[in-house]
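A quick write-up on the structure given underneath.
Chain A is the first sequence line, chain B the second, and so forth, proteins listed ahead of strands; every chain is numbered from 1.
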Number of protein chains: 2
Amino acid sequence: MAPSETLTAERILEATEEVLRRHGPAKATVVDVARALGVSHGSVYRHFRTKAALREAVTKRWLDRTSQELAGIVAEQERDPEQRLRAWLRALFDAKRRKAGHDPELFATYMVLTRESGEAVPEHIADLTSQLTDIVRAGLDAGTFTATDPAVTARAVFQATGRFHDPCYADEWEAPGVEAEYEAVVDLVVRGLRGA
Amino acid sequence: MAPSETLTAERILEATEEVLRRHGPAKATVVDVARALGVSHGSVYRHFRTKAALREAVTKRWLDRTSQELAGIVAEQERDPEQRLRAWLRALFDAKRRKAGHDPELFATYMVLTRESGEAVPEHIADLTSQLTDIVRAGLDAGTFTATDPAVTARAVFQATGRFHDPCYADEWEAPGVEAEYEAVVDLVVRGLRGA
DNA sequence: CAGCTGACAGATATTGAAATCTGTCAGCTG
DNA sequence: CAGCTGACAGATTTCAATATCTGTCAGCTG
C-alpha cells in the first residue's frame, strides 16, 4: 500500500508535478523525480522515453483538467446557446485566471511547459474549439446564431477572446478594468454571432 | 557635413537602431553606439539619461512610424466607416506582418525592447485605440454602427483582433490559413459593430 | 524473466574569476 | 563656457573549469 506499491505512469506524473511545484521548471530534473519516488532514474525512463515526453504528459494532464471542466457546460441542453456560450467563455476566463492568480509560480511553470510541449497545446486548443463548435452549431440549429461554417466561426470566437484565456496575457488579468474589457469583447462577439 | 557635424538626439537614435540591427538587443551597448558615432560614451549620456531611456526612445520612434502610417486611413472621409475600419485593421496586420517577416531578427529585437519599455507600448496602444475610436464614432454618426461608448467598443475591437497585431503571435502570421482566420475574426467583429 | 539498478558517455548547467559595461564627474578643448 | 573626454566605482556579462543531468544498457534481483 506504501508508495513503493508499483511504479505506474500515473504515480510518476504526480511526483513530477510535485517536483515541478517545488523546484520550478528550470531546476526540476528526472533525477529529482526518481528520488521523490524512491527509485533510480532509469526506472522513470522505462515509462517515459525522454524528459520532454514526461513534461509533455504532465502538461497534457493539466490542460485536460480545464477541458473537462468546460465540457459540462457544452452539454447543458436546458440553457439556450447564447447563454451556454457566455457561460463557457466566462468559465474559461475564470479557470485560467484562478490558476494564474492562485499559484503564480506553478502557473509560470506550466507556461514554460506549454511553450516547449509540441503537441499538447495544439491538441488542447483543438479540444476547446471543438467544444465551441458544438455550441455554435446548436445556435445555428436554434436559429439564434448566423454563420456559414460553425468550425470557422468557433475558431474566430476563440481567437477574438484570446486576451482572456491565452496565458501570454496572464499578468493583465488582475488589472482594474479587465472585467469591463471582457464584457465589451464578449458582447461584441455575441452580437457578431447573432446579426447577419 | 560629415557625421561629426553635431551630436543630436536624432543622430544617436539612428546609430542605436543600426547597432541594434547588427548586434541584437542583448549585445548592443552604449559603448557600441558611441563608437559608431565616433564619440565617447559619456556624450551619449548627455542626451539620454540611461541606457533604458535610449532604448525606449528608439522603441517609441519605431512604434510611431506604424501609428503614422495608419493615421492616414482614419482621415479618409470619402470611404464609409466600415470600409475604413476594414482597411485600418488590414493595414495594421500587414504592417506588423511585413516587419516581422521581412527582418525577423530586427523584429525580435523590437519585441525585446517593447517588453522592457515601460511607457512606449501603452502609449502606442492608446494611440491606436484612439484612432479606432474615431472610426467607430464616425460609424455611430453615420448610423452604420451600434455601440454605447465608442472608446470602449474601439478597445474591444482592438483586443478582439489582437491575434493579428500583437507581436506575441508573430510566429503564427505566416502559417497557412491565417488569412482565412483573419477574415473570420474581422467579419465577426464588423458584424458585431453593425448589429444591435 | 520482468522490472529495476547504477555506471557510463555525451550534453547541459553551475560557478567564480576576469573582462566589460553603465553611469558619473572633474577637467580639457575649441 | 557649452560640449566633449576618459578614468573610475559598482553592476553586469563572459568564459572556462567543474559539476550535474540525460539517456543507455549490461547485468542484478525477486
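- Each of Asp32(B) and Gly42(B) has a nearest nucleotide on DNA chain C; the 5'-most of these lies closest to Asp32(B).
- Distance from the side chain of Val31(A) is smallest to dC21(D) among dC21(D), dC4(C), dT22(C).
- In this structure, the CD atom of Glu116(B) is 12 Å from the P atom of dT22(C), given to the nearest Å.
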Per-nucleotide protein contact string for nucleotides 12-17 of chain D, where B marks a base within reach and S marks sugar-phosphate only (heavy atoms under 4.0 Å, - for neither): ------
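- Under the 4.5 Å side-chain heavy-atom criterion for grouping Ile, Leu, Val, Met, Phe, Trp and Tyr, Val152(A) is not connected to Leu132(A) through any hydrophobic cluster.
- Listed in residue order, the members of residues 44-56 of chain A having a heavy atom less than 4.0 Å from DNA chain C are Arg46(A).
- In this structure, the side chains of Arg84(A) and Gln77(A) come closer than 4.5 Å at one or more pairs of heavy atoms.
- The existence of a salt bridge linking Arg61(A) and Glu17(A) is confirmed by a sub-4.0 Å separation between a basic side-chain nitrogen and an acidic carboxylate oxygen.
- The interatomic distance linking Leu7(B) (CG) with dA2(D) (P) rounds to 17 Å, in whole Å.
- The side chain of Ser43(B) contributes no N or O atom lying less than 4.0 Å from OP1 or OP2 of dC4(D).
- Distance from the side chain of Val39(B) is smallest to dT5(D) among dG6(C), dT5(D), dT22(C).
- Taking the six-membered ring where the residue is Trp, the centroids of Phe93(B) and Tyr182(B) are separated by under 6.0 Å.
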Is there a side chain to side chain donor-acceptor pair (under 3.5 Å) between Ser130(A) and Asp127(A)? Walk through the geometry before answering. CA-CA 5 Å; Ser130(A) 157; Asp127(A) 208 353; 5.3 Å; no
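- Trp62(A) and Val112(A) fall into different hydrophobic clusters, where Ile, Leu, Val, Met, Phe, Trp and Tyr residues are linked whenever their side-chain heavy atoms come under 4.5 Å apart, directly or through other members.
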With Watson-Crick and G-U wobble geometry limited to distances under 3.5 Å, how should the secondary structure of DNA chain C be encoded in dot-bracket form, using | for bases paired to another strand and [ ] for crossing pairs? ||||||||||||||||||||||||||||||
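- Taking a cutoff of 4.0 Å between a charged side-chain nitrogen and a carboxylate oxygen, Arg11(A) and Glu14(A) do not qualify as a salt bridge.
- Atom NE2 in His23(A) sits roughly 14 Å away from atom P in dT20(D) (whole-Å rounding).
- Applying the 3.5 Å distance criterion, the base of dG6(C) shares no donor-acceptor pair with the side chain of His41(A).
- Considering only heavy atoms from C-beta on, Leu89(A) stays 4.5 Å or farther from Phe158(A) through its side chain.
- Residues Arg86(B) and Arg90(B) form no side-chain contact, since every pair of their non-hydrogen atoms from C-beta on lies 4.5 Å or further apart.
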Give the C-alpha distance, both sets of side-chain angles, the deciding distance and a yes or no for side chain to side chain donor-acceptor pair (under 3.5 Å) between Thr66(B) and Lys99(B). CA-CA 10 Å; Thr66(B) 301; Lys99(B) 284 180 181 178; 2.8 Å; yes
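- Linking Ile, Leu, Val, Met, Phe, Trp and Tyr whenever their side-chain heavy atoms come within less than 4.5 Å leaves Leu54(A) and Val31(A) in two separate clusters.
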